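These numbers were taken from a predicted model, which means no experiment stands behind them.
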Amino acid sequence: MRLILASNNAHKAREFREILAPLGIEIVTQGEAGCHFEVDETGETFEENAFLKAEAAMRATGEGAVSDDSGLEVDALNGEPGVRSARYTGRHEDSDADRRAFLMKKLEGVEHRSARFVSAICCVFPNGDVLRARGECEGSIATYERGENGFGYDAIFIPAGSGRTMAELSAEEKNAISHRGAALREFCRVLEEYSNAHK
């Protein structure tokens, strides 16, 4: 099976490929499929945004499309940055480092730093069928950046039960516990059920 990934994020594409390849699923980014557009993420939830992106890619290609919308929720900030994780500073052109610095500034002097990464996956098929999955990774925000791996907020997020940030974990270690890893494993289960029912 071939699915269009409604993203051109190389890190995201690698995670999708690593986890879905054993199921025989070929992941093609929207850029590789000839789609060069950005979807306006107007949803108020990760699920809504994932659907908007997957549906747009499906309509543009006529093929099944999958999307993930993910982000960080910090309890002390009432769930911020949430669905605005990728544009938290208000400037889309800002770097991951800019967004981490912006978040750390808001948390100066804050003692309780519990947080979670959330990933919502949505797959839309041309026949109108929609599959959904969600994964979460509980943890806390570090007091300073650590690690060279990963992307986004990984360098300041410490998964529960770990003394290391996400950016200090190997790709294999991260996939085993990450929100996207959990959502992708759930998606694999849902997709397998769907495929078996439509044989």
Side-chain angles (χ1 to χ4, degrees), residues 7-16 18-19 39-53 67-122 132-188:
S7 172
N8 287 313
N9 182 312
H11 300 286
K12 202 175 275 195
R14 190 183 70 240
E15 286 182 16
F16 266 78
E18 283 171 356
I19 291 175
V39 175
D40 209 6
E41 296 178 29
T42 55
E44 288 300 311
T45 64
F46 296 116
E47 282 80 3
E48 287 172 12
N49 283 332
F51 174 77
L52 289 172
K53 291 185 283 189
S67 174
D68 142 275
D69 195 56
S70 50
L72 179 67
E73 294 179 339
V74 180
D75 293 327
L77 300 176
N78 297 313
E80 285 184 15
V83 294
R84 292 167 197 34
S85 291
R87 50 192 186 280
Y88 193 33
T89 59
R91 294 180 302 276
H92 210 82
E93 65 275 10
D94 278 355
S95 67
D96 286 345
D98 292 330
R99 286 183 277 276
R100 289 193 299 269
F102 184 73
L103 177 66
M104 295 296 262
K105 187 97 182 120
K106 284 196 162 198
L107 284 176
E108 274 180 8
V110 174
E111 193 180 334
H112 298 290
R113 302 167 78 91
S114 58
R116 74 204 47 77
F117 271 128
V118 177
S119 169
I121 292 177
C122 183
R132 297 179 190 275
R134 182 182 170 101
E136 296 186 8
C137 178
E138 294 287 339
S140 60
I141 304 300
T143 51
Y144 60 94
E145 293 196 18
R146 304 200 311 258
E148 301 299 319
N149 304 326
F151 61 102
Y153 296 92
D154 285 354
I156 57 171
F157 183 84
I158 303 169
S162 172
R164 294 180 292 165
T165 68
M166 280 284 209
E168 293 178 298
L169 304 179
S170 69
E172 294 73 28
E173 288 173 317
K174 181 182 171 181
N175 284 345
I177 63 165
S178 78
H179 53 307
R180 192 169 296 113
L184 278 167
R185 285 187 290 278
E186 172 67 8
F187 176 62
C188 285

**For the student: nearest non-hydrogen atoms of I156 and E145, plus distance** = CG2-CG, 3.5 Å

**Message:** Just verifying a value: how many Å separate Y153 OH and T165 OG1, rounded to the nearest 0.5 Å?
**Reply:** 15.0 Å

**F102 and P81, any side-chain heavy atoms less than 4.5 Å apart** = no

**Item:** Interatomic distance, S70 atom OG to F46 atom CZ [nearest 0.5 angstrom]
**Value:** 7.0 Å

**Message:** Could you measure the distance from the CD atom of E41 to the CG atom of D69? Nearest 0.5 Å is fine.
**Reply:** 5.0 Å

**Message:** Quick check on side-chain contact (heavy atoms from CB on, under 4.5 Å): which of L77, I141, D154 does L72 satisfy it with?
**Reply:** I141

**Message:** Filter on side-chain hydrogen bond (donor to acceptor under 3.5 Å, both in side chains), then keep only pairs touching residues 71-84, sequence neighbours left out; what's left?
**Reply:** D75-S114, D75-R116, E80-Y88, E80-K106

**Prompt:** Is a side-chain donor or acceptor of R99 paired with a backbone partner of R87 at a separation under 3.5 angstrom?
**Reply:** no

**Fill in**
Of all heavy-atom pairs linking A133 and A183, the shortest is CB-O, 3.5 Å

**Complete:** For E48 and E44, the nearest pair of non-hydrogen atoms, with its separation, is OE1-N, 2.8 Å

**Prompt:** How many angstroms lie between atom OG of S95 and atom CZ of F151, to the nearest 0.5 angstrom?
**Reply:** 14.5 Å

**Prompt:** By ring-ring contact (aromatic ring centres under 6.0 Å, His included), which residues pair with F157, not counting sequence neighbours?
**Reply:** F117

**Asked** Is E186 salt-bridged to R134, cutoff N-O under 4.0 Å?
**Response** no

**Request:** Looking only at non-hydrogen atoms, find the nearest pair between D40 and L52 and report the distance.
**Result:** O-CD1, 4.0 Å

**Prompt:** If you measure from CZ on F16 to OG on S67, what distance do you get to the nearest 0.5 Å?
**Reply:** 7.0 Å

**Prompt:** Is there a donor-acceptor contact under 3.5 Å linking the side chains of T89 and D94?
**Reply:** yes

**Request:** Could you tell me which non-hydrogen atom of E18 sits nearest to which non-hydrogen atom of N175, and how far apart they are?
**Result:** OE1-ND2, 2.7 Å

**Prompt:** Atom CG in D98, atom CG in L103: separation rounded to 0.5 Å?
**Reply:** 12.5 Å

**Item:** Chi angles and distances behind the side chain to side chain contact (heavy atoms under 4.5 Å, CB included) call for C137, M166
**Value:** CA-CA 11 Å; C137 178; M166 280 284 209; 3.8 Å; yes

**Request:** Give a yes or no on whether E148 atom CD has more than 12 heavy-atom contacts from other residues, nucleotides or ligands under 6.0 Å away.
**Result:** no

**Request:** Would you check if the side chain of R113 reaches a backbone N or O of L107 as a donor-acceptor pair within less than 3.5 Å?
**Result:** yes

**Item:** salt bridge (Lys or Arg N to Asp or Glu O under 4.0 Å) partners of E15, counting only residues at least two apart
**Value:** K174, R180

**Request:** List the atom of G147, the atom of A155, and the distance in Å for their closest heavy-atom pair.
**Result:** O-CB, 4.4 Å

**Prompt:** Below 4.5 Å, heavy atoms only, C-beta onward: do V74 and V110 meet side chain to side chain?
**Reply:** no

**Prompt:** Just by distance, with hydrogens left out, do S7 and N9 show a side-chain donor and acceptor under 3.5 Å apart?
**Reply:** no

**Asked** How about R164 and L169: do any of their side-chain heavy atoms sit closer than 4.5 Å?
**Response** yes

**Prompt:** Is any side-chain N of the basic residue among E47 and R132 closer than 4.0 Å to the acidic one's carboxylate O?
**Reply:** no

**Request:** Pick out which of K12, K53, H179 makes a side-chain hydrogen bond (donor to acceptor under 3.5 Å, both in side chains) with D68.
**Result:** K12

